[in-house]
Engineer: 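My questions will all concern the structure given below.
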Amino acid sequence: MIRPRATHRQHAQALAEVGVHPLLARLWAARGLAQPTATDWQALIPPQRLTHVNTAASLLADAIATQKKLLIVADYDCDGATACAVAIRGLRTMGAQVDFLVPNRFETGYGLSPAVVELACRHPAGKPDLLITVDNGIASIDGVAAARAAGIEVIVTDHHLPGEQLPHALAIVNPNQTGCGFPSKHLAGVGVIFYVLLALRAELRTRGTLPAQGGPRLDTLTDLVALGTVADVVRLDANNRLLVTQGLKRIRQGRMQAGIAALFQVAGRDPQQAGTDDLGFALGPRINAAGRMADMSLGIHCLLEDEPARALELAQALDTINRERRSRETEMRDEALAQLDTQAQARAASVCVWQPGWHPGVIGLVASRLKETYWRPALAFAPDDADTLRGSGRSIPEVHLRDALDLVSKRLPGAIAQFGGHAMAAGLTLRKSAFEAFAQQFDLAVRTLSGHDAFEPCLETDGSLEPGYFNAETAALLAHQVWGAGFAPPLFQDRFHVVHQRLLKERHLKLFLEKDGMRLDAIWFNHAEPLPEAIEAVYRLERNTWGGRTTLQLLIEHARPA
């Protein structure tokens with residue numbers, strides 16, 4: 001299904017009247033803006049509106065004053081890695097003794113668990129006095145209890161939804177906890193710890209430890225904040241767009257961490273032209289690959305490194321791991337597609353697959369690919385041990401994935417050892433012998449909860465692109481903006497004549513199109529079926545630089561006969 005976004009001509013006109021580019025005015029208005037979003041620091045929501053942020057700041061100030069040993073416990077994704085780097089860099093500039101520990105997804109699992117507390121007690125830097133979680137901890141009931149039993153206090157900073165019970169930490173800073181009046185509920189984990197640092201600096205100024213308007217420049221950390229925010233695909237509301245804008249500004253000016261610069265280099269991207277696509281699809285996956293395939297400590301060390309040559313070595317190691325990740329992902333996806341019987345799949349409302357040799361760090365990506373291919377909830381599993389499978393799932397807007405797993409757990413007692421997640425993504429551990437029964441019950445649960453036996457993707461477009469905007473300059477203008485979750489990048493819809501088409505690497509369709517006398521290059525990735533002469537296409541604009549020359553290329557998202 002393809003449908004145009006609602007048009008808001010009055011808002012578009014108001015935006016254009018204050019100097020916004022006419023195309024941007026139309027696009028922003030369609031996304032609900034009636035005036036330009038403020039992106040200077042004065043518009044940032046004040047830290048004091050976060051529940052317990054002042055308590056956390058006071059505790060950290062006390063810990064710094066008494067030279068207590070602090071230990072950051074991070075998550076093993078890009079948000080967790082950037083949050084850890086922000087915490088370490090920020091706290092050290094304010095005089096803290098601080099180190100970090102990141103769980104291994106294959107050994108200790110997610111978050112602050114009792115096993116992680118044991119590792120913390122044996123940390124090379126010494127047993128900590130205070131643990132600070134970043135991008136995790138809100139569900140760590142047992143982990144916080146274990147820490148306190150070991151004589152270690154805990155401050156939790158997180159952004160995930162809390163359960164019915166909260167851990168007994170000294171302070172919990174989370175915009176999504178009950179009673180928190182912070183207007184933006186979409187801060188990433190890196191955004192939460194950045195706010196804690198802002199509050200800590202204010203506390204140290206109040207105490208006279210720092211000059212009244214002095215102390216470290218925390219805006220130097222916004223490249224990390226931007227990367228983690230975009231990579232975690234949180235909603236880019238006005239506050240998050242401000243943070244990402246400030247981070248991109250520093251990157252484009254060349255004032256970024258050595259590790260960020262090195263990641264741009266190994267990714268073959270130009271930081272002077274940095275956009276959210278670079279953060280989300282080039283840098284983020286390279287950091288995430290460390291947590292998926294090996295040890296996220298490598299990614300964190302890259303983000304903490306100040307010496308450019310060493311940062312480049314670490315970034316190159318991450319790039320190598322990411323290449324391995326891509327190779328394994330492609331292999332596993334192709335095996336999954338080969339495994340799925342076409343007729344059976346046509347009758348199913350879901351996708352549920354596993355193979356003995358699959359890598360548990362990549363199954364979430366495979367599930368995401370299958371969800372996109374079949375446009376239905378998808379679960380992919382890998383062996384966890386001799387008797388269990390570890391699964392990861394991705395869903396579509398019509399189906400709340402965690403609720404579906406909850407229903408299956410009730411209908412098939414004992415099959416699921418544990419599960420968790422939210423509407424669009426979830427994870428679980430499943431008894432291997434129960435896989436077939438689980439797959440049937442999961443498909444039934446999807447049908448029951450959605451009321452549908454089949455689903456159709458919906459593409460929201462921005463309608464036809466005005467003829468004068470088919471150029472690389474327009475693509476650059478759009479790439480310079482902050483797009484992402486909740487503020488979708490532009491998708492246009494037009495009719496074209498297919499002049500020529502050929503296959504690239506047997507997977508991608510390279511196209512030469514014509515519209516109103518204009519010749520246009522286009523490509524449709526992961527689509528090998530030839531197109532008719534006349535098509536209606538949904539597409540994005542992209543700059544394509546080759547041989548020192550930059551031209552426009554259309555990225556096709558969908559096409560059908562015109």
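On a predicted model such as this, the values are computed, not experimentally measured, just so you know. Residue numbers count from 1 along this sequence.
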Engineer: I would like to know whether Y374 and F455 meet ring-ring contact (aromatic ring centres under 6.0 Å, His included); could you show each step before the answer?
Structural biologist: CA-CA 9 Å; Y374 292 99; F455 306 94; over 10 Å; no

Engineer: Evaluate the side chain to side chain contact (heavy atoms under 4.5 Å, CB included) criterion for residues N544 and T550: first the C-alpha distance (whole Å), next the side-chain angles of each, then the deciding distance (0.1 Å), finally the verdict.
Structural biologist: CA-CA 5 Å; N544 186 27; T550 300; over 6 Å; no

Engineer: Search all heavy atoms of F381 against all heavy atoms of G391 and return the closest pair with its distance.
Structural biologist: CD2-CA, 3.3 Å

Engineer: Do any N or O atoms from the side chain of R250 and from the backbone of Q246 form a donor-acceptor pair under 3.5 angstrom?
Structural biologist: no

Engineer: Is the backbone of A349 close enough, under 3.5 Å, to the side chain of D443 for a donor and an acceptor to pair up by distance?
Structural biologist: yes

Engineer: So, for V86 and L197, which heavy atoms are closest and what is the spacing to 0.1 Å?
Structural biologist: O-CD1, 3.4 Å

Engineer: Supply the atom-to-atom distance L478 CG to Y469 OH, rounded to the nearest 0.5 angstrom.
Structural biologist: 10.0 Å

Engineer: Please report the closest heavy-atom contact between A74 and V134, naming both atoms and the distance.
Structural biologist: CA-CG2, 3.7 Å

Engineer: What is the distance from atom CD1 of I321 to atom CZ of R323, rounded to the nearest 0.5 Å?
Structural biologist: 12.5 Å

Engineer: Please test L24 against L15 for side chain to side chain contact (heavy atoms under 4.5 Å, CB included), starting from the C-alpha separation and ending with a verdict.
Structural biologist: CA-CA 9 Å; L24 284 182; L15 287 164; over 6 Å; no

Engineer: Decide yes or no for L541 and T474: does some side-chain heavy atom of the first lie under 4.5 Å from some side-chain heavy atom of the second?
Structural biologist: yes

Engineer: Quick check for you: to the nearest 0.5 Å, what is the distance between N240 atom CG and S184 atom OG?
Structural biologist: 5.0 Å

Engineer: Shortest non-hydrogen contact from L243 to A226?
Structural biologist: O-CB, 4.4 Å

Engineer: Measure the shortest side-chain to side-chain distance between I251 and T222 over non-hydrogen atoms and say whether it is less than 4.5 angstrom.
Structural biologist: no

Engineer: Is the shortest distance from a Lys or Arg side-chain nitrogen in R394 or E372 to a carboxylate oxygen in the other one below 4.0 Å?
Structural biologist: no

Engineer: Side chains of residues 265-273: which donor-acceptor pairs under 3.5 Å do they make with residues two or more places apart or in other chains?
Structural biologist:
{"unit_1": "R269", "atom_1": "NH1", "unit_2": "D278", "atom_2": "OD1", "d": "2.6"}
{"unit_1": "D270", "atom_1": "OD1", "unit_2": "Q272", "atom_2": "N", "d": "3.0"}
{"unit_1": "Q273", "atom_1": "OE1", "unit_2": "R543", "atom_2": "NH1", "d": "3.2"}

Engineer: With heavy-atom distances below 4.5 Å as the criterion, would you say the side chains of L242 and W41 are in contact?
Structural biologist: yes

Engineer: Within a 6.0 Å radius of atom CZ on R326, are there more than 12 heavy atoms belonging to other residues, nucleotides or ligands?
Structural biologist: yes

Engineer: Determine, for R235 against D237, whether the closest basic-nitrogen to carboxylate-oxygen distance falls under 4.0 angstrom.
Structural biologist: no

Engineer: For T157 and I193, indicate whether the former's side chain and the latter's backbone hold a donor-acceptor pair under 3.5 Å.
Structural biologist: no

Engineer: Over all heavy atoms of both residues, which pair between W358 and R328 is shortest? Give the atoms and the distance, please.
Structural biologist: C-NH2, 4.2 Å

Engineer: Is it the case that atom NE2 in H497 sees more than 12 heavy atoms from other parts of the structure closer than 6.0 Å?
Structural biologist: yes

Engineer: What's the verdict on side-chain hydrogen bond (donor to acceptor under 3.5 Å, both in side chains) for Q339 and E335, showing C-alpha distance, side-chain angles and the deciding distance?
Structural biologist: CA-CA 6 Å; Q339 175 186 333; E335 289 176 356; over 6 Å; no

Engineer: Mind telling me whether F496 and F470 have parallel, tilted or perpendicular rings, with 30° and 60° as the class edges?
Structural biologist: perpendicular

Engineer: Show your reasoning for whether side-chain hydrogen bond (donor to acceptor under 3.5 Å, both in side chains) applies to R252 and H480.
Structural biologist: CA-CA 10 Å; R252 290 167 186 159; H480 199 74; 3.0 Å; yes

Engineer: List, one per line, each side-chain donor-acceptor pair under 3.5 Å for residues 515-535, sequence neighbours excluded.
Structural biologist:
{"unit_1": "R519", "atom_1": "NE", "unit_2": "E514", "atom_2": "OE2", "d": "3.2"}
{"unit_1": "H527", "atom_1": "NE2", "unit_2": "E529", "atom_2": "O", "d": "3.1"}

Engineer: Using a 3.5 Å distance criterion without hydrogens, assess whether the side chain of D494 forms a donor-acceptor pair with backbone atoms of L465.
Structural biologist: yes

Engineer: Is there side-chain contact between V20 and V18, with at least one heavy-atom pair below 4.5 Å?
Structural biologist: yes

Engineer: Cation over ring, R241 on F487, under 6.0 Å and within 45°?
Structural biologist: yes

Engineer: Could you give me the CA-CA distance, side-chain angles and deciding distance for Q493 and E536, then say whether side chain to side chain contact (heavy atoms under 4.5 Å, CB included) is met?
Structural biologist: CA-CA 7 Å; Q493 180 181 357; E536 184 173 25; 2.9 Å; yes

Engineer: For the backbone of C78 and the side chain of N288, can you confirm whether one donor and one acceptor N or O come within less than 3.5 Å of each other?
Structural biologist: yes

Engineer: So, R89 side chain and L304 main chain: donor-acceptor pair closer than 3.5 Å or not?
Structural biologist: yes

Engineer: Side chains of L491 and E460, heavy atoms from C-beta outward: is any pair under 4.5 Å?
Structural biologist: no

Engineer: Does H400 use its side chain to pair, donor to acceptor, with the backbone of D403 at less than 3.5 Å?
Structural biologist: yes

Engineer: Determine, stepwise, if the pair L314 / L298 fulfils side chain to side chain contact (heavy atoms under 4.5 Å, CB included).
Structural biologist: CA-CA 7 Å; L314 293 168; L298 180 65; 3.5 Å; yes

Engineer: Is there a donor-acceptor pair under 3.5 Å between the side chain of H159 and the backbone N or O of L187?
Structural biologist: yes

Engineer: For the CG atom of L379 and the CG atom of L401, what is their distance to the nearest 0.5 Å?
Structural biologist: 6.0 Å

Engineer: With no hydrogens and no angle check, is any side-chain donor or acceptor of R26 less than 3.5 Å from a backbone partner on D462?
Structural biologist: yes

Engineer: Kindly compute the distance separating CD1 (I45) from CG (L50), expressed to the nearest 0.5 Å.
Structural biologist: 8.5 Å

Engineer: Measure from the side-chain N and O atoms of S450 to the backbone N and O of H452, and report whether any donor-acceptor pair falls under 3.5 Å.
Structural biologist: yes

Engineer: Do R376 and D453 sit within salt-bridge range, that is, some charged N less than 4.0 Å from a carboxylate O?
Structural biologist: no

Engineer: Please give me the minimum heavy-atom distance between A382 and I363, naming the atom from each residue.
Structural biologist: CB-CG2, 3.7 Å

Engineer: Find out whether L224 and Q257 are in side-chain contact, i.e. whether some heavy atom of one side chain is under 4.5 Å from a heavy atom of the other.
Structural biologist: yes

Engineer: Can you list the steps and then say if N136 with H160 is a side-chain hydrogen bond (donor to acceptor under 3.5 Å, both in side chains)?
Structural biologist: CA-CA 7 Å; N136 75 95; H160 295 97; over 6 Å; no

Engineer: Got a second to check how far T545's OG1 is from Q553's CD, nearest 0.5 Å?
Structural biologist: 10.5 Å

Engineer: Is the closest side-chain heavy-atom distance between Q316 and L312 below 4.5 Å?
Structural biologist: yes

Engineer: Any side-chain heavy atom of V192 within less than 4.5 Å of one from V190?
Structural biologist: no

